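Below is one structure, written out as structure tokens; comments come after it.
Hydrogens, waters and symmetry mates play no part in the numbers below; they use all other heavy atoms, side chains included. Both counts, for ligands and for their atoms, begin at 1 and track the order of listing. None of the values given here were measured: they were computed from a predicted structure.
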Amino acid sequence: MKKFVPYGDKPAEKAVVLLIRIAKTLFVDDCNCLICGRELIEKHRSGLCPECLKNLSLNNGEICRKCGRVLENEADYCNTCQNNDRHFNAARSVCVYEGEAVKLVQGLKFGNKRYYAKYLANLMADKYLDEEMDCDCVIAVPLSSKRRKLRGYNQADLLARELSSSLRLDYIDKVLVKVKDNEMQAKLGHAQREENVKGAYKVEDRDAVKGRKVLLVDDVMTTGATASEAARVLLKAKAQSVSVLTFASTRYKVPSETGDGEENYEEQMV
Ligand SMILES: [Zn+2]
Ligand SMILES: [Zn+2]
């Protein structure tokens with residue numbers, strides 16, 4: 001009778017197992033799913049196992065044509081886009097900000113998992129190409145210097161850099177800056193947020209954006225007030241157009257009698 005040899009007992013198999021262990025130590029993010037940590041048999045651009053990837057609510061269904069957020073009805077535009085000036089051409093996002101997407105964004109933002117940016121940007125690059133967005137440079141939505149110092153980095157910056165290299169677009173750094181600390185936006189509706197964000201951004205070098213088709217990048221879009229204000233100042237500095245790409249966006253909520261439907265979101269744009 002043939003002797004049963006468990007996996008890893010033969011010298012060659014032992015060597016393979018050892019090599020995998022070494023590789024996992026060196027490139028841990030490349031071998032395990034970012035969310036559940038399961039070993040990835042086949043590497044995927046998203047850094048996720050098939051199950052976790054399936055659990056992302058991708059923004060492929062009914063979305064607002066302007067801000068790209070998922071709608072609960074079949075309207076072309078959400079109420080916020082219908083009733084307000086939106087200074088960006090269009091905003092698009094990979095998925096809805098819920099479930100696994102929250103874990104990814106929070107890991108990138110609060111868990112110091114900067115290497116997530118590469119994977120999230122891969123999905124964003126796919127979205128850019130699917131949507132045939134036509135831009136020639138990438139700019140990140142900036143943090144205030146206080147917030148940046150606290151965190152040590154700007155997650156939008158990491159995403160923008162990865163995107164610029166994979167899409168071969170120019171990366172424009174330190175040109176759009178935040179000049180007003182308006183970051184306590186939690187629990188504000190769209191109208192209040194729009195007011196709160198006014199004058200928050202400034203373009204430091206107008207020549208750098210003049211005539212450019214800007215891709216404005218952030219991790220999450222909530223009401224779109226921040227993106228719209230940043231787009232406004234970029235257009236004022238003579239950018240040709242501004243399109244917005246984020247990893248996730250919140251679901252659009254139908255207005256209630258007491259508010260504009262956009263209140264009670266945790267602020268995610270900081
Ligand atoms: Zn997984
Ligand atoms: Zn909209």
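At the Zn ion (ligand 1), the vertex angle linking SG of Cys33 with SG of Cys52 is 110° (nearest 10 degrees).
With sequence neighbours excluded, the residues that form a side chain to side chain contact (heavy atoms under 4.5 Å, CB included) with Glu72 are Val254.
Inside a sphere of radius 2.8 Å centred on the Zn ion (ligand 2), the protein N/O/S atoms present are Cys64 SG, Cys67 SG, Cys78 SG, Cys81 SG.
Using a cutoff of 4.0 Å between basic side-chain nitrogens and carboxylate oxygens, Asp136 and Lys213 are not scored as salt-bridged. Contact check on Arg92 versus Asp130 returns no salt bridge, with no Lys/Arg side-chain nitrogen under 4.0 Å from an Asp/Glu carboxylate oxygen. Between Arg232 and Asp85 there is no salt bridge, since none of the side-chain N atoms of the basic residue sits less than 4.0 Å from a carboxylate O of the acidic one.
Side-chain atoms of Tyr116 come within 3.5 Å of backbone N or O of Leu34 as a donor-acceptor pair. Panel note: side chain Lys180, backbone Lys198; a donor-acceptor pair is recorded below 3.5 Å.
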